[in-house]
Structure formats: C-alpha cells, structure tokens
Asker: 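Below you will find the structure I want to go over with you.
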Amino acid sequence: MLLRGVALLAACFVSGQILGETLGRFLGIQANVGGVGFAMLFLILSQNELEKRGLFHLEMGEGVNFWSKMYIPIIVAMSSVQNVRVAFSNGLLALLAGIIPVIACLALMPLLSKLAPKD
C-alpha cells in the first residue's frame, strides 16, 4: 500500500508536468506553466475520489505523506530559482499567467468558506 501511495504521487506529478508543458507550448511560452500546481491539484482530487470509493487506505496515505514532506520543500526551492527577468521579458502573458490564478483564488476563498460544512 505504501508503494501505491508513492505511485499515486508520481502519477500526479508526471501528469501535472505534462499538462504544464503542454499549456506552456499552447500559450507560446517556452516554459512549464503551472505543472507543479496541476500536480498538487491532481493529487488532491484523486485522493478525495479514492477516499469516496473506499480505495484510499491508511498505508497508502503514509506513502503520500512521506513524499509530500520532501516534495513540497524541494519543489518550492526549484520554483524559487526560476528567472523572473525572463517572465518580464516574455511580456504580459507570462505575468498574467501568475497573477490571474492568485486573484481568482483570493476572490473564491470567501465563497469556499461559506460552502464548507460547519462542524
């Protein structure tokens, strides 16, 4: 089961990277656009779906938790070294690809907190 958790994390990471690269090429940017974010979103969605179906076991969660403790700091460190000057030189599209999702998330937080069940 531990191996299945690691495999789930790996599949989400690879899927996110592919989607990020594809989105970057589609937008005409020679970079991965949001691959890590997509990977984390895929992991959250797939974990929730597996839990609903009763297929996500405790041992599987341990595999995901083990790598998530190392995965997030490593990805943040990798993301922090990206060249900001390249984003500025590529124009407004690269900046909007970062700014618009942040604004959308901030705008949706009050709505999501109202929709969340109160315990």
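All heavy atoms count here, side chains included; hydrogens, waters and symmetry mates do not.
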Asker: Sequence neighbours left out, what passes side-chain contact (heavy atoms from CB on, under 4.5 Å) with Leu111? Give chain and number order.
Answerer: Leu108, Leu115
Asker: What pairs of donor and acceptor atoms, side-chain ones from residues 96-105 against any protein atom, are under 3.5 angstrom apart with sequence neighbours left out?
Answerer:
none

Asker: To the nearest 0.5 angstrom, please state how far the CG atom of Leu50 sits from the CD atom of Gln47.
Answerer: 8.0 Å
Asker: Do Val33 and Glu21 have side-chain heavy atoms sitting under 4.5 Å apart?
Answerer: no
Asker: Run the side-chain contact (heavy atoms from CB on, under 4.5 Å) test against Phe38 and tell me which residues pass, sequence neighbours left out.
Answerer: Leu19, Leu23, Phe42
Asker: With sequence neighbours left out, write down each residue that passes side-chain contact (heavy atoms from CB on, under 4.5 Å) with Ile18, or none if nothing qualifies.
Answerer: Val14, Thr22
Asker: Show me the pairs that pass salt bridge (charged side-chain N to carboxylate O under 4.0 Å, His left out) and involve residues 28-39, at least two apart or across chains.
Answerer: none
Asker: Please name the pair of heavy atoms, one in Cys12 and one in Ser46, separated by the smallest distance, quoted to 0.1 Å.
Answerer: SG-OG, 3.6 Å
Asker: Quick one: name the residues clustered hydrophobically with Leu41, using the 4.5 Å side-chain heavy-atom rule over I, L, V, M, F, W, Y, and just say none if it's on its own.
Answerer: Leu45
Asker: To check you understand the geometry: which heavy-atom pair defines the closest contact between Ala107 and Pro110, and what is its length?
Answerer: O-CD, 3.4 Å
Asker: Please list all pairs passing the salt bridge (charged side-chain N to carboxylate O under 4.0 Å, His left out) test where one or both residues lie in residues 42-52, with sequence neighbours left out.
Answerer: Glu49-Arg53
